[in-house]
Every structure is written in structure tokens, then in C-alpha cells.
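Some notes on the structure that comes next.
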Amino acid sequence: MSSSIEVRRRTPQSTPELPANMPSVLQRVYANRGINHVDELDLSVKGLLHFNQLTDCEKAAERIGQAIIAGESICICGDFDADGATSVALLMSFFRSINHSKAFYLVPNRFSDGYGLSPTLAQYAHTEGANLLITVDNGISSHAGVSKANDLGMQVIITDHHLPSTELPDAFAVVNPNRRDCAFASKQLAGVGVAFYLLLALRAWFKQQQANHAVASLKIAEYLDLVALGTVADVVPLDYNNRILVRQGLARIREGVCRPGITALLAVARREASKITASDLGFSVGPRINAAGRLDDIQQGIECLLAQDLPSAQILALRLDELNQQRRKIETTMQEEAQACLARLQVDEQELPLVLTVFDDQFHQGVIGIVAGRLKEQFYRPVMVFAEADDGTLKGSCRSVAGVHIRDLLEQVASEFPDVISKFGGHAMAAGLSVPKSQWAAFNRAVQQVAERWVDADTLARVLWSDGELQANEFNLDVAGALQQAGPWGQSFPQPMFDGTFKIIQEKWLKDVHLKLVVQPFGSNETFDAIAFNVPRASWQWNSPAQANLVFKLDVNEFRGQRNVQLLIEHVQA
């Protein structure tokens with residue numbers, strides 16, 4: 001909420017053809033996000049892209065179909081985050097639903113195994129008897145692991161969404177919308193979305209080849225709750241195709257027809273399933289699954305999603321909630337450590353490097369991604385945070401800002417300075433990498449050299465985009481409710497925000513970290529509660545002004561059966 005933030009108002013690129021009876025504020029919001037026609041608001045499943053546009057999807061489906069019929073042993077290789085967990089749960093739920101008992105999953109341990117399908121993991125899958133290995137949410141950079149699997153006589157099907165390098169791994173099939181030769185229009189699918197499309201293709205193959213088989217009549221909509229959760233938790237852009245997947249998954253959860261694990265996770269997060277939004281999945285459910293992968297073993301998160309009944313799911317959800325609380329405590333400590341590290345480095349906030357790189361030998365591998373995200377928000381520039389791994393390398397987690405494709409930047413560094421990065425992977429906004437400890441200084445120099453060419457200083461300007469002012473008569477429950485239900489909102493399709501000048505009628509601090517106001521819009525006689533969360537009083541520049549410019553989200557606050565309009569403050573300028 002720094003005063004250095006520039007507030008800009010969105011402007012529509014064209015005049016949309018939207019229903020005349022739609023609230024004008026909602027028409028404006030849609031126009032500001034590039035919605036030009038009412039058809040783009042139809043988020044029914046009929047609008048989904050077809051699986052036949054995904055390169056290798058039908059080839060992969062045929063191979064899996066043959067494996068099911070032949071009773072082959074199938075190993076699913078996952079990843080240790082919420083997208084990976086939901087992807088594993090999706091395929092394992094499918095195999096269990098058709099009673100294919102020879103399916104099992106492996107997920108590398110973040111601390112001992114590293115990311116993706118490694119030669120060690122391939123060897124273990126072979127030892128467990130796998131004939132076919134399917135990666136979910138990983139594999140596109142696992143050249144060595146795929147080669148090892150091939151040498152052991154296994155075939156590998158890669159399903160992934162991360163950006164590939166110049167050459168693809170030598171797998172039987174590679175299903176990834178970001179393949180250079182893939183015509184699939186939505187490049188933004190999460191890993192769980194790719195796995196879902198694989199099931200669509202698999203059902204179609206059985207309909208053609210084995211019409212009486214259980215897979216041919218599979219109710220694939222039953223997996224949309226997992227798809228919605230993984231898609232939102234992985235913060236992929238919500239293009240039209242992803243909005244359909246998320247909307248449909250949310251609808252199932254609200255109707256109470258989702259798996260017990262998601263019900264239990266919502267309960268421990270104190271979220272009412274019948275009223276959840278995409279942000280509830282992103283900020284309440286996803287972090288509890290991610291906490292298992294960051295601090296312990298993602299298997300606990302997967303098993304919660306695979307639980308067959310609510311009592312079993314509740315036990316696992318409570319454990320995940322405990323891990324999430326531990327994660328928060330460690331995160332707070334590491335945030336302080338990161339700030340102390342920056343102070344030791346004597347970094348002048350006015351002269352920060354274009355890419356901020358931070359390492360401390362006390363950092364914990366499991367939460368460096370969270371720390372990187374917090375530092376990115378604080379300094380608004382790409383951030384790389386490193387912790388020392390058991391093998392003596394430095395493991396790093398990167399978070400970026402719009403306009404700086406962090407994975408491509410790392411590829412450029414690796415291309416120009418091949419000794420400073422031992423491995424890396426990721427996408428536009430987040431990535432992971434390993435750096436030999438002996439190369440730390442050289443790595444820092446290399447990153448800054450590349451950043452000087454790649455990072456435009458204008459990209460690092462703090463801009464908060466507003467949908468403009470609300471009229472006095474638009475501060476009501478109907479408008480607030482319409483905005484809530486109009487989503488799903490998320491990455492690249494942001495929740496509506498507005499700006500305006502308000503009279504400050506009353507103010508008070510809650511626990512010295514939340515600023516609560518009573519405000520009155522100019523031109524209105526009504527007053528409304530407004531709150532700014534997590535703005536420590538000690539660091540807040542506030543002199544009890546008579547009026548202030550606010551950037552806010554229009555929300556509905558429910559308390560003791562009463563529903564009232566509330567402003568969620570994103571930025572204040574007195």
C-alpha cells in the first residue's frame with residue numbers, strides 16, 4: 001500500500017455486445033477484460049476445446065487404453081505441489097474407479113530427490129514392476145529420467161504444461177500444450193488440466209474400441225473439482241478454457257458433489273462449501289496441500305484428496321492444517337531472516353538490482369518459494385531465493401512480475417553461462433533451479449548481465465489497475481453479489497477493483513495490523529465498513545485524514561446472519 005503505487009484505470013478496447021439487462025458496472029468490468037460478446041460468458045462444458053487439438057493426446061490415450069486392457073502395471077509420477085497432487089489424485093481416482101489395481105504413484109521428495117522424473121525415480125518405478133510410466137505436471141525437462149526408463153524397458157508418457165527446451169525428452173508421447181508443434185489454443189492449462197484432457201481422449205478411445213468397457217461410460221465431470229482446485233492453486237492464467245474448467249468445478253463443490261478430501265479441507269479452513277469462490281481454493285485449500293509438499297511429504301495431500309469417506313479425509317485434512325500452521329510460522333521467521341540478509345547485504349531499496357537474488361545458509365528449502373513471493377511483492381521485481389541442499393548445491397525458487405518471463409531468463413543465463421546453473425525449470429511467473437555453491441558469485445553476475453538486456457525498468461513500475469469509480473447507487477448487495485458470482489476471477493482475469501475518494505467517518509486498529517474504517521462515498525448519505533488487512537500500524541503512514549483515495553474490492557460481509565456491503569481496501573492514499 002505504498003504511496004509509490006500508481007493507480008491506473010482500465011479502458012475497454014471495444015464496445016462489447018453484452019445483455020442490456022446486465023448491471024452497467026459488470027458490463028464495464030467484462031469489457032475491461034477483453035470480453036466482447038455474450039458467447040464468451042457461456043462457461044458451460046460445450047465451450048471446451050477438443051482434446052484432438054493436443055499433440056500426442058490421442059496417441060497417449062491409445063497406449064494407456066492398451067495397458068488397461070492388458071492389465072499392465074502403471075506408475076504415475078507426480079510433483080510436490082497442489083497442481084501435482086490434484087493431477088495424481090485425478091488419475092489414481094480414475095484407475096481405482098475402473099478397478100485397475102495395478103496402478104500406483106510416486107512423487108519425488110522435495111528435499112532428497114529433487115524435481116520431476118529422475119533416473120532414481122525411474123529405477124524405483126521399475127523395481128515396483130511398472131510397465132508404463134505417466135508423468136503429471138512434470139517430465140518436460142526429465143531427459144535423463146526418461147532415458148533411464150527407456151533403458152529399463154518401460155515406456156513413458158509425459159503430461160506437463162511447463163515450457164519445454166529446444167528438444168523434447170525421448171518419451172513414447174509428450175502431451176503438453178506448450179510444445180512448439182501443438183495447435184491447442186489454450187497454452188495456459190495447468191498440469192491437472194492436461195491430465196483431465198488425457199481422460200477425455202481415453203474415454204473417446206474406449207468408446208470406439210471397447211464400447212462396453214467401463215471407461216467408455218466414464219463420468220468425467222466427477223473430476224472437475226480436482227481440476228478447479230489444481231488450476232487455481234497453480235495460478236495459471238484464467239483464459240476462456242480455464243474459466244470453464246474452474247466454473248464447472250466450483251459448481252460441483254457448491255452443490256456438495258465433490259470428493260470428501262476437498263470437503264474436509266474447506267471445513268478446516270472454515271469455508272462454507274456452498275458459497276466458495278475461486279479465491280477460496282487459491283488461498284485456503286491450495287496452501288494446505290502445498291504445506292505438505294513444502295515441509296513433509298505431499299503424499300499426505302494426495303491421500304486426503306483420494307480419501308473415500310469424510311472421516312478419513314478429516315483426519316488427513318487436520319494434519320494438513322497443522323502443517324500449514326507450521327509453514328506460516330517458518331515463513332514468518334524466514335521473512336525476517338530474508339530482511340536481515342538484505343540488511344547485511346546493504347541493499348539500497350532505491351537502487352535495487354533488476355533481479356533480486358538472496359541466499360542465507362539458514363534458509364529452509366520448503367518455504368523459499370513463499371519468501372520469494374513476499375519479497376517480490378515488497379520490492380516488485382523478479383526475486384530468486386536460495387537455500388543450501390544436502391548435496392551441497394544451492395536450490396533456488398523464483399517469482400517474477402508481469403513482463404519478465406523468468407523461465408526464459410534462466411534459459412538465457414544457462415545458454416550464455418553454462419557453468420552457473422546445473423538445472424532449472426518453470427514458467428513465466430515462477431521457476432526453480434539449482435546452482436553449484438562454488439558458482440554463486442558468478443551466477444549473480446550472470447543474472448544481472450542478462451537482466452540488463454531483458455528487464456525494462458518500466459516493467460518494474462508498481463501499477464494498480466482499477467475498473468474506475470462506482471456510482472453512489474452501486475454500493476449495494478446486488479452489485480457486490482453480481483461481481484462475486486461473475487467470475488471465476490484469478491490470474492489474468494482479475495477480481496474487479498475500483499477507486500474513489502471517501503470521507504473518513506471513523507477509524508480503528510485491530511490487533512495493530514488491520515486498519516478498519518467507516519467511510520462515506522462522496523455524493524452519498526450512506527456509510528460503509530472498509531478494512532485493510534495486514535498493514536502493520538508501526539509501518540503505516542496514516543495521519544487520520546478527513547478523506548482519502550481508496551482502491552478497493554466490493555465485498556459482502558456476513559456476520560451473525562446479517563449481510564452488509566464491505567470495502568476490501570487494496571491501496572490508500574490520504
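Judged by distance alone, the side chain of Arg203 and the main-chain N or O of Leu218 form a donor-acceptor pair under 3.5 Å. Side-chain atoms of Ser87 come within 3.5 Å of backbone atoms of Val192 as a donor-acceptor pair (strictly under, hydrogens ignored). Without hydrogens or angle criteria, Ser422 side chain to Ser434 main chain gives a donor-acceptor distance under 3.5 Å. Remark: the backbone N or O of Gly490 is not paired with any side-chain donor or acceptor of Arg243 at under 3.5 angstrom. Under a 3.5 Å cut-off, the side chain of Asp42 and the backbone N or O of Ser44 do form a donor-acceptor pair. With hydrogens and angles ignored, the 3.5 Å screen pairs no side-chain donor or acceptor of Asn32 with any backbone N or O of Tyr30. Of the possible donor and acceptor atoms, none in the side chain of Arg327 sits under 3.5 Å from a partner among the backbone N and O of Leu295. Asp137 places no side-chain N or O within donor-acceptor distance of the main-chain N or O of Ala190, the cut-off being under 3.5 Å. Between the side chain of Thr135 and the backbone N or O of Thr159, at least one donor-acceptor pair lies under 3.5 Å. Formation of a donor-acceptor pair under 3.5 Å by the Ser400 side chain with backbone atoms of Val404 is found in this model.
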Can you list the steps and then say if Trp489 with Val29 is a side chain to side chain contact (heavy atoms under 4.5 Å, CB included)?
CA-CA 11 Å; Trp489 310 110; Val29 164; 3.7 Å; yes
Set out, in order, the CA-CA distance, both residues' side-chain angles and the distance that settles salt bridge (charged side-chain N to carboxylate O under 4.0 Å, His left out) for Arg179 and Asp56, then state yes or no.
CA-CA 10 Å; Arg179 284 181 58 160; Asp56 273 5; 3.0 Å; yes
Yes or no on side chain to side chain contact (heavy atoms under 4.5 Å, CB included) for Thr393 and Lys437, after CA distance, side-chain angles and deciding distance?
CA-CA 5 Å; Thr393 63; Lys437 195 171 184 180; over 6 Å; no
Using the rule given for side chain to side chain contact (heavy atoms under 4.5 Å, CB included), can you reason through Asp280 versus Val285, listing the C-alpha separation, both sets of side-chain angles and the distance that settles it, and then say yes or no?
CA-CA 7 Å; Asp280 292 316; Val285 181; 5.9 Å; no
Check the pair Ile140 / Val174 against side chain to side chain contact (heavy atoms under 4.5 Å, CB included), numbers first and verdict last.
CA-CA 8 Å; Ile140 201 65; Val174 178; 3.6 Å; yes
Under the criterion salt bridge (charged side-chain N to carboxylate O under 4.0 Å, His left out), I'd like the reasoning laid out for Arg63 against Glu72: C-alpha separation, chi angles, the key distance, then a yes or no.
CA-CA 11 Å; Arg63 178 65 187 89; Glu72 294 182 59; 3.0 Å; yes
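Counting only N and O atoms by type, the side chains of Ser312 and Asp309 include a donor and acceptor under 3.5 Å apart. For the residue pair Ser274/Glu272, the side-chain donor-acceptor check at 3.5 Å is satisfied. Side chain to side chain, Gln412 and Glu416 meet the donor-acceptor criterion of an N or O pair below 3.5 Å. Side-chain contact check for Asn52 and Tyr197: no donor-acceptor pair (N or O, by modelled atom type) lies under 3.5 Å. Using modelled atom types, one finds a donor on one side chain and an acceptor on the other under 3.5 Å when comparing Gln325 with Asp321. No side-chain N or O of Asn178 forms a donor-acceptor pair with one of His161 less than 3.5 Å apart.
Taking the six-membered ring wherever Trp is involved, the centroid distance between the rings of Phe443 and Phe417 does not fall below 6.0 Å.
Across all non-hydrogen atoms, the minimal contact from Asn176 to Leu54 is C-CD2, 4.3 Å. Here the shortest heavy-atom pairing between Cys258 and Thr263 reads SG-OG1, 3.3 Å. Annotation for Asn242 and Pro237: closest pair ND2-O, 3.0 Å, computed over non-hydrogen atoms. Considering all non-hydrogen atoms of both residues, Ile406 and Pro382 come closest at CD1-CB, 4.1 Å. Of all non-hydrogen atoms in Leu226 and Ala89, the two that sit nearest each other are CD1-C, 4.0 Å. Closest of all the heavy-atom pairs between Cys398 and Met384 is SG-CG, 3.5 Å.
Side chains of Ile158 and Val175 form no contact here, defined as non-hydrogen atoms less than 4.5 Å apart. Contact check for Phe94 versus Ile68: side-chain heavy atoms found under the 4.5 Å cut-off. Looking at heavy atoms from C-beta onward, Ile289 lies out of side-chain contact with Phe80 at the 4.5 angstrom threshold. Within the 4.5 Å cutoff, the side chain of Asn131 has no heavy atoms near those of the Met154 side chain. Residues Leu152 and Lys148 form a side-chain contact, since some pair of their non-hydrogen atoms from C-beta on lies under 4.5 Å apart. Using a 4.5 Å heavy-atom threshold, the side chains of Phe95 and Ile64 count as touching. Residues Asp160 and Val194 are not in side-chain contact: their nearest non-hydrogen atoms beyond the backbone lie 4.5 Å or more apart. For the pair Leu133 and Ile76, the minimum side-chain heavy-atom distance is 4.5 Å or more.
In this structure, CD on Glu40 lies 8.5 Å from CG on Leu18, to the nearest 0.5 angstrom. Atom-to-atom distance recorded for Tyr223:OH and Leu200:CG is 11.5 Å, nearest 0.5 angstrom. In this structure, the separation between CZ on Arg319 and CZ on Arg288 is 14.0 Å, given to the nearest 0.5 Å. Leu316 CG to Ile302 CD1: the interatomic distance, rounded to the nearest 0.5 Å, is 11.5 Å. Atoms CG and OG1, from Leu229 and Thr86 in turn, are 5.5 Å apart once rounded to the nearest 0.5 Å. Residue Leu106 holds its CG atom at 7.0 Å from SG of Cys77, rounded to the nearest 0.5 Å.
Within 6.0 Å of the CZ atom in Arg180, the count of heavy atoms belonging to other residues, nucleotides or ligands exceeds 12. Remark: Gln53 CD is packed, more than 12 non-hydrogen atoms of other residues, nucleotides or ligands lying under 6.0 Å away. For Asn212, the CG atom sits in a loose shell: 12 or fewer heavy atoms of surrounding residues, nucleotides or ligands are nearer than 6.0 Å. Other residues, nucleotides and ligands contribute at most 12 non-hydrogen atoms within 6.0 Å of the CZ atom of Arg374. Within 6.0 Å of NZ on Lys102 lie no more than 12 heavy atoms contributed by other residues, nucleotides or ligands.
Between His213 and Phe206, the ring planes lie tilted relative to each other; the angle falls in the 30° to 60° range.
A side-chain contact (heavy atoms from CB on, under 4.5 Å) with Cys304 holds for exactly one of Leu318, Leu265, Ile262, Ile315; it is Leu265. Leu281 pairs in a side-chain contact (heavy atoms from CB on, under 4.5 Å) with only one of the listed residues (Asp225, Thr231, Leu250), which is Leu250.
Relative to the six-membered ring of Phe172, Lys59 meets both conditions, a distance below 6.0 Å and an angle of at most 45° to the axis. Geometrically, Arg407 does not engage Phe424 in a cation-pi contact, judged by NZ or CZ lying under 6.0 Å from the ring centre and within 45° of the ring axis.
Taking 4.0 Å as the cut-off between side-chain N and carboxylate O, Arg252 and Glu255 do not count as a salt-bridged pair.
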